[in-house]
**Q** 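Here it is: the structure, laid out below.
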Amino acid sequence: MDIRHPFISNPKLTIAYGLFWILVSTVLVLIATLVNGVPLGNSVVETFTFLILYALIGAAIWYVIKFSTLEDNSILRVILAHLIAATIIVFIWMYIGVVVVKAFHPNARQWLDHTVLGRTVAGYIMYVGFVVFFYAVNYYYAFKEKSKNETHLKALVKEAELHALKSQINPHFLFNSLNSISSLTMTDPARAQEMVINLSQLMRYSLKHDQDEKVTFMRELENNKLYLSIEKVRFGKKLNPVFAIEEDCMKAEIPNMILQPLYENAIKYGVYEATETIDVITHCRLNGNMLEIVISNTYDKNVLSKKGEGIGLRNIRDRLQVIYGNPHLLRIEDNNNEFTVTLNIPQKQK
């Protein structure tokens, strides 16, 4: 529990508090002097001992509130604590006030005889006002702290979700690559060795950027070209990657490892079952504050293939939902012999 006084931790509140009481005191002095005809010196002394002095002593009520909360104490104990605190504060306030009045007020005894009882009652009433004020301040600080903690918690949950989604990609891809290497070790050891080297470089990139949620499109493209080179070893001439990338796309930011599942999907449902060369074409353009990435591939519609949205595409939708709050940034089109995936990535305005 933070027990620091808000006047210490928040200078703006301290200034506002002081200005408020100075303003109120000035108004009362002017009324007493101009309307009631009280000498200026007397009205200043009376106002100081009544308001300014109480405002200074009353600041201590904050600690009574902090150590007598309803969450930790019964209502009876809270009321008792405030009664004791009010009595102590009113006594101190009255005592110091009497000393000041006797020292500076010309008619001190006469003035005190007529105001002691009224001021005592007023002291308890003002205590209630200060309690309400400091409870409001305490509630505001508690609400602010709660909002801050909730924001931090949401950030942690979001980070955990993203790491969980990423963890679905790497094992999935690794499983497919190891299967390919396994099949090549007996038939073509040289190509298997090449694939192992490329795979190690790809996994090194994946581990290096695992903590960075976003990277430039250029880096992500280089990573996926490496991935396609691994698959090229596996499929040979059947796979033909084609890139049509506009220059201004290169510095755009996209979530890392978000393109690889799209290429995996194109290979799984296009290249894998093909008997002829399949072009996997990547178009990219920057349209205002939206980066549009289109990956398309032809496929043989006469070959029976699995339908449905695989784990890779579902993973992308989930990540888009977590990062941008919009799962519809991914659009899929199937035109009988061509499969097209369009990915729109919002960019920050510059």
Side-chain angles (χ1 to χ4, degrees), residues 1-70 72-141:
M1 179 176 66
D2 187 2
I3 62 173
R4 288 184 303 167
H5 200 289
F7 291 164
I8 297 175
S9 59
N10 190 347
K12 290 183 179 179
L13 180 62
T14 308
I15 294 172
Y17 180 83
L19 290 176
F20 171 78
W21 288 112
I22 291 173
L23 179 62
V24 173
S25 299
T26 302
V27 172
L28 290 180
V29 168
L30 292 175
I31 292 174
T33 304
L34 301 177
V35 178
N36 299 329
V38 178
L40 179 61
N42 293 357
S43 62
V44 170
V45 172
E46 293 171 10
T47 303
F48 173 80
T49 57
F50 183 69
L51 286 182
I52 301 299
L53 188 58
Y54 200 102
L56 293 173
I57 299 172
I61 297 174
W62 165 264
Y63 294 105
V64 182
I65 290 173
K66 291 300 290 184
F67 287 101
S68 302
T69 60
L70 291 173
D72 302 325
N73 301 277
S74 65
I75 296 178
L76 184 61
R77 289 192 64 178
V78 171
I79 294 175
L80 182 61
H82 281 298
L83 282 174
I84 296 172
T87 301
I88 294 173
I89 287 175
V90 169
F91 175 79
I92 296 173
W93 172 61
M94 289 292 292
Y95 177 78
I96 298 176
V98 168
V99 173
V100 173
V101 169
K102 284 183 177 181
F104 297 100
H105 201 290
N107 302 315
R109 183 167 296 279
Q110 183 182 357
W111 185 81
L112 289 171
D113 290 341
H114 289 86
T115 60
V116 170
L117 180 61
R119 287 202 164 210
T120 302
V121 174
Y124 281 95
I125 294 175
M126 285 196 294
Y127 180 91
V128 174
F130 274 71
V131 167
V132 172
F133 168 73
F134 281 119
Y135 265 122
V137 172
N138 187 48
Y139 174 80
Y140 169 76
Y141 273 81

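Please read all numbers here as calculations on a predicted model, not as lab measurements.
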**Q** Parallel, tilted or perpendicular, judged at 30° and 60°: which one describes the rings of Phe7 and Phe133?
**A**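 The rings of Phe7 and Phe133 sit tilted, inter-plane angle from 30° to 60°.
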
**Q** So, for Phe48 and Val100, which heavy atoms are closest and what is the spacing to 0.1 Å?
**A**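 Heavy-atom minimum between the residues: CD2-CG1, 4.2 Å.
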
**Q** If you define the side chain from C-beta out and look only at heavy atoms, does anything of Ile96 sit under 4.5 Å from Ile57?
**A**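 Yes, at least one pair of side-chain atoms sits under 4.5 Å.
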
**Q** May I ask you to test the Arg119-Val90 pair for a side-chain heavy-atom distance under 4.5 Å?
**A**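 No; the side chains remain at least 4.5 Å from each other.
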
**Q** Using the ring-ring contact (aromatic ring centres under 6.0 Å, His included) criterion, which residues pair with Phe104? Sequence neighbours excluded.
**A**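 ring-ring contact (aromatic ring centres under 6.0 Å, His included) check on Phe104 returns nothing, list empty.
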
**Q** Minimum heavy-atom separation for Leu13 to Pro6, with atom names?
**A**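 Closest approach of Leu13 to Pro6, heavy atoms only: CD2-CB, 3.7 Å.
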
**Q** Search all heavy atoms of Val38 against all heavy atoms of Ser43 and return the closest pair with its distance.
**A**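 So the two residues come closest at CG1-N, 3.9 Å.
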
**Q** Could you work out, with side-chain hydrogen bond (donor to acceptor under 3.5 Å, both in side chains) as the rule, every residue matching Thr26, not counting sequence neighbours?
**A**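 Residues passing side-chain hydrogen bond (donor to acceptor under 3.5 Å, both in side chains) with Thr26: none at all.
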
**Q** Do Phe50 and Trp93 come within less than 4.5 Å of each other through their side chains, counting heavy atoms only?
**A**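 Counting from C-beta outward, Phe50 and Trp93 do come under 4.5 Å.
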
**Q** I'd like to know if the side chain of Thr47 and the backbone of Val44 have a donor-acceptor N/O pair within less than 3.5 Å.
**A**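 Not at all, since once roles are kept as given, no pair shorter than 3.5 Å links the two residues.
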
**Q** Phe91 vs Tyr95 aromatic rings, parallel, tilted or perpendicular, using cut-offs 30° and 60°?
**A**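 Parallel: the ring planes of Phe91 and Tyr95 meet at under 30°.
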
**Q** Is there a donor-acceptor pair closer than 3.5 Å between any side-chain N or O of Thr49 and the backbone N or O of Glu46?
**A**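 Yes; at least one donor-acceptor contact below 3.5 Å.
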
**Q** Tell me, please, which residues at least two apart from Tyr127 pass side-chain hydrogen bond (donor to acceptor under 3.5 Å, both in side chains).
**A**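 Tyr127 satisfies side-chain hydrogen bond (donor to acceptor under 3.5 Å, both in side chains) with His82 once adjacent residues are dropped.
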
**Q** Below 4.5 Å, heavy atoms only, C-beta onward: do Met94 and Tyr54 meet side chain to side chain?
**A**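 Sidechains of Tyr54 and Met94: no contact.
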
**Q** With side chains defined as the heavy atoms from C-beta onward, is the minimum distance between Leu28 and Ser25 less than 4.5 Å?
**A**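 Heavy-atom side-chain distance check fails, nothing below 4.5 Å.
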
**Q** Under 30°, 30 to 60°, or over 60°: which ring-plane class applies to Phe134 and His5, parallel, tilted or perpendicular?
**A**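 Because their plane-to-plane angle is over 60°, the rings of Phe134 and His5 count as perpendicular.
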
**Q** Near Tyr63 OH, under 6.0 Å, is it more than 12 heavy atoms from other residues, nucleotides or ligands?
**A**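 Buried by this count: over 12 neighbours within 6.0 Å.
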
**Q** Is any side-chain heavy atom of Tyr141 closer than 4.5 Å to a side-chain heavy atom of Asn10?
**A**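 Yes - at least one pair of side-chain heavy atoms lies under 4.5 Å apart.
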
